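Worksheet for the structure shown next.
The basis for the numbers below is simple: all heavy atoms, side chains too, and nothing from hydrogens, waters or symmetry mates. Note that this is a predicted model, so its numbers are computed, not measured.
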Amino acid sequence: ANDTLQTLIRYAFDVLKLHQLYCNISTENQHSLNLFQNNGFVIVGEKKDWLKSVDGWAGEYLLQLINSA
């Protein structure tokens, strides 16, 4: 997953010339949060009680990666 995400980031910035990428991840999904944060994404917002689950409601983080080049 890490290699795939790094490839996607390079393609988005180097080939597509995008300025930024973003994603939404459940606050309970620590594996995905670690993956994206370890690749430079930063949590910039939180939607509380956004996702319905079998245990009730869960929050969702908005993460963003801005191309500094």
Quiz item: side-chain contact (heavy atoms from CB on, under 4.5 Å) between Asn29 and Tyr61: does it pass, once the steps are laid out?
Solution: CA-CA 10 Å; Asn29 189 342; Tyr61 288 128; over 6 Å; no
Exercise. Assess whether side-chain hydrogen bond (donor to acceptor under 3.5 Å, both in side chains) is satisfied between Asn39 and Gln6, documenting all intermediate values.
Key: CA-CA 7 Å; Asn39 281 282; Gln6 288 176 0; 3.3 Å; yes
Quiz item: Side chains of Ile25 and Glu60: closer than 4.5 Å at any heavy-atom pair?
Solution: no
Practice problem: Check whether any side-chain heavy atom of Phe41 lies under 4.5 Å from a side-chain heavy atom of Leu33, and answer yes or no. | Solution: no
Quiz item: Hey, does Glu28 have a side-chain heavy atom less than 4.5 Å from the side chain of Leu51?
Solution: no
Practice problem: Answer whether the closest heavy-atom distance between the side chains of Ile43 and Leu62 falls below 4.5 Å. | Solution: no
Self-check item: Transitive ILVMFWY side-chain link Ile9 to Val42, under 4.5 Å
Solution: no
Quiz prompt | Gap between atom CG of Leu21 and atom CZ of Phe13 - 0.5 Å precision | solution = 4.0 Å
Quiz prompt | Close side-chain approach of Gln37 and Leu63, heavy atoms under 4.5 Å | solution = yes
Quiz item: Should we say atom NZ of Lys52 is surrounded by more than 12 heavy atoms from elsewhere, each under 6.0 Å from it?
Solution: yes
Quiz item: Are Leu16 and Tyr22 connected in the hydrophobic side-chain network, where two residues link if heavy atoms are under 4.5 Å apart?
Solution: no
Exercise. Check whether any side-chain heavy atom of Gln20 sits under 4.5 Å from a side-chain heavy atom of Ile66, and report yes or no.
Key: yes
Quiz prompt | Side chains of Leu18 and Asn67 in contact at under 4.5 Å (non-hydrogen atoms) | solution = no
Self-check item: Evaluation steps, side-chain contact (heavy atoms from CB on, under 4.5 Å), between Leu35 and Leu5
Solution: CA-CA 8 Å; Leu35 171 66; Leu5 181 55; 3.9 Å; yes
Quiz item: Any side-chain heavy atom of Asn24 within less than 4.5 Å of one from Trp50?
Solution: no
Quiz item: CG/Asp49 to NZ/Lys47 distance, rounded to the nearest 0.5 angstrom?
Solution: 13.0 Å
